[in-house]
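None of these values were measured; they are calculated from a predicted model.
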Amino acid sequence: MFRYNLAFIMFLVISLPYILLKLVTKKRFRYHFWDRVWPKPIKMDDYVLVHLASLGEAKAFLNIKDTVEDLFKKKIIFSVTSNIGYEYLHAQGFNVILAPIDIYPLYHRLFFYQLPYLAIFFETEIWPSYIGFLRQRNVNVFLINARMSEKSYKFYKAFKSFSHAIAQFNMIIAKSEIDKKRFIKFNPNVSVCENIKYALKRKEFNLDLKALKSDRKNIFVFASFHKQELKFLHNA
């Protein structure tokens with residue numbers, strides 16, 4: 001952990017000119033910048049922490065948010081890494097914070113008042129200091145909808161700080177058997193579940209069939225198909 005934090009700080013120092021340039025030119029870099037380097041302590045009691053990356057993951061998790069709250073009988077605080085994810089969740093009225101830079105001492109400030117009941121990380125959000133801080137304080141930490149590409153697998157094998165972080169999860173729920181086979185190299189507590197992004201809420205439509213004219217032609221809608229399938233559409 002010490003080596004990871006030292007290397008991370010050295011990387012930030014070396015990258016300082018680039019970071020300063022991005023702070024000037026890119027909104028997402030300067031967005032609530034001080035909250036990332038000097039986070040505001042969480043003051044809510046008895047909560048579940050859910051850490052996400054951005055908008056897509058936030059929308060996916062909201063499919064199971066009510067289920068998680070009902071299961072643990074606790075409110076959720078979202079932790080995100082992007083300004084878009086933060087703005088979306090904040091606009092929806094949810095409790096949300098911007099995750100600090102992954103330096104161990106910053107989590108002392110973030111969790112100064114209250115640790116979470118448990119923490120849920122989403123997909124590829126594997127941050128050694130974040131996870132290590134919580135596990136050292138006996139907070140159960142889960143990784144859900146977990147995925148790991150072949151490139152990421154090689155990266156985690158090469159850098160022990162990340163492979164050690166994966167090993168610390170109490171449970172990993174991978175979204176495919178291929179992902180499970182890769183994660184299980186680092187952590188034996190892996191299971192597989194359907195991709196949460198497909199757990200969409202069913203929408204109800206009120207359709208008055210009598211109002212439709214009988215002489216109308218059938219209409220078919222095709223979406224999200226490959227160019228190889230155009231021939232099928234043309235012949236349909």
Enquirer: Distance from F2 atom CZ to Y104 atom OH, nearest 0.5 Å?
Expert: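 Nearest 0.5 Å value for the CZ-OH distance: 13.5 Å.
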Enquirer: Within a reach of under 6.0 Å around CD1 of I178, are more than 12 heavy atoms found that belong to other residues, nucleotides or ligands?
Expert: no
Enquirer: Taking all non-hydrogen atoms of both residues, which atom of V80 and which atom of G85 are closest, and how far apart?
Expert: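 Scanning both residues completely, I find the closest heavy atoms to be CG2-C, 4.3 Å.
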Enquirer: Show the numbers, then the answer: is there a side-chain contact (heavy atoms from CB on, under 4.5 Å) between S129 and N5?
Expert: CA-CA 8 Å; S129 292; N5 278 266; 3.1 Å; yes
Enquirer: Indicate the atoms forming the closest heavy-atom contact of E125 with A53, along with that distance.
Expert: OE2-CB, 3.4 Å
Enquirer: Do I42 and Y47 come close enough that some side-chain heavy atom pair is under 4.5 Å?
Expert: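 When only atoms from C-beta onward are counted, Y47 and I42 do touch, with a gap below 4.5 Å.
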Enquirer: Do I144 and F122 have side chains that get closer than 4.5 Å, going by heavy atoms?
Expert: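 In contact.
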Enquirer: Distance under 6.0 Å and angle within 45° of the ring axis: does K185 meet both against Y153?
Expert: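 Because its charged atom misses either the 6.0 Å distance or the 45° angle limit, K185 does not stack over Y153.
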Enquirer: Evaluate ring pair (Phe, Tyr, Trp, His ring centres under 6.0 Å) for F142 paired with F169, printing each intermediate quantity in order.
Expert: CA-CA 5 Å; F142 302 90; F169 285 111; 8.7 Å; no
Enquirer: Looking at L134 and A119, what are the two nearest heavy atoms and their distance?
Expert: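 It is CD1-CB, 3.7 Å.
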Enquirer: Between A165 and I131, which heavy-atom pair has the shortest distance, and what is it?
Expert: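 Reported closest heavy-atom pair: O-CG2, 3.9 Å.
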Enquirer: Does Y117 have K74 sitting over its ring (NZ/CZ under 6.0 Å from centre, angle to axis within 45°)?
Expert: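 Because its charged atom sits under 6.0 Å from the ring centre and within 45° of the axis, K74 does stack over Y117.
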Enquirer: Relative to each other, are the rings of F121 and H51 parallel, tilted or perpendicular (30° and 60° limits)?
Expert: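 If you compare the ring of F121 with that of H51, the planes turn out tilted.
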Enquirer: Closer than 4.0 angstrom, basic N to acidic O: yes or no for K65 and E69?
Expert: yes
Enquirer: Look at the rings of F111 and F133 and say which category their plane angle falls in: under 30° parallel, 30 to 60° tilted, over 60° perpendicular.
Expert: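 F111 and F133: parallel rings.
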Enquirer: Determine the minimum heavy-atom distance between A167 and F186, stating which atoms define it.
Expert: CB-O, 3.4 Å
Enquirer: Around atom NE2 of H108, are there more than 12 heavy atoms of other residues, nucleotides or ligands at under 6.0 Å?
Expert: yes
Enquirer: Can you check whether Q92 reaches Y88 side chain to side chain, under 4.5 Å on heavy atoms?
Expert: yes
Enquirer: Using the side-chain contact (heavy atoms from CB on, under 4.5 Å) rule, take M44 and Q114 through it: C-alpha gap first, then chi angles, then the decisive distance, then the call.
Expert: CA-CA 7 Å; M44 180 182 289; Q114 183 68 45; over 6 Å; no
Enquirer: What's the separation between atom CD in E123 and atom NZ in K175, rounded to the nearest 0.5 Å?
Expert: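 If I round to the nearest 0.5 Å, the distance is 5.0 Å.
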Enquirer: Give, for atom CZ of F8 and atom CD1 of I103, the distance between the pair rounded to the nearest 0.5 Å.
Expert: 6.0 Å
Enquirer: CG/N145 to CD1/I120 distance, rounded to the nearest 0.5 angstrom?
Expert: 11.5 Å
Enquirer: Around F155, counting heavy atoms of other residues, nucleotides and ligands shown, do more than 12 lie under 6.0 Å from its CZ?
Expert: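 Atom CZ in F155 is crowded, with more than 12 foreign heavy atoms closer than 6.0 Å.
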Enquirer: Taking atom types as modelled, find out whether T81 and Y86 have a side-chain donor-acceptor pair closer than 3.5 angstrom.
Expert: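 No.
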Enquirer: Do Y31 and S82 make a side-chain contact, defined as non-hydrogen atoms from C-beta onward lying under 4.5 Å apart?
Expert: no
Enquirer: Mind checking the NZ-CG spacing from K59 to L89? Nearest 0.5 Å is all I need.
Expert: 10.5 Å
Enquirer: Find out whether L20 and L16 are in side-chain contact, i.e. whether some heavy atom of one side chain is under 4.5 Å from a heavy atom of the other.
Expert: yes
Enquirer: Kindly indicate, with the supporting measurements, whether the criterion side-chain contact (heavy atoms from CB on, under 4.5 Å) is fulfilled by I101 and L106.
Expert: CA-CA 8 Å; I101 298 170; L106 297 183; 4.2 Å; yes
Enquirer: Does R147 come within less than 4.0 Å of D179, counting only side-chain N to carboxylate O?
Expert: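 Not counted as a salt bridge, because no side-chain N and carboxylate O are separated by less than 4.0 Å.
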Enquirer: Side chains of I172 and I166: does their closest heavy-atom pair fall under 4.5 Å?
Expert: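 Heavy-atom side-chain distance check passes, below 4.5 Å.
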Enquirer: Looking only at side chains, do Y107 and D102 share a donor and an acceptor under 3.5 Å apart?
Expert: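 Yes - a donor-acceptor pair under 3.5 Å links their side chains.
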Enquirer: Indicate yes or no: at least one non-hydrogen side-chain atom of F78 is less than 4.5 angstrom from one of L52.
Expert: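 In short, these two side chains touch, coming nearer than 4.5 Å.
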Enquirer: First locate atom CG of D45, then atom NZ of K43, and finally report the distance between them rounded to the nearest 0.5 Å.
Expert: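 Nearest 0.5 Å value for the CG-NZ distance: 11.5 Å.
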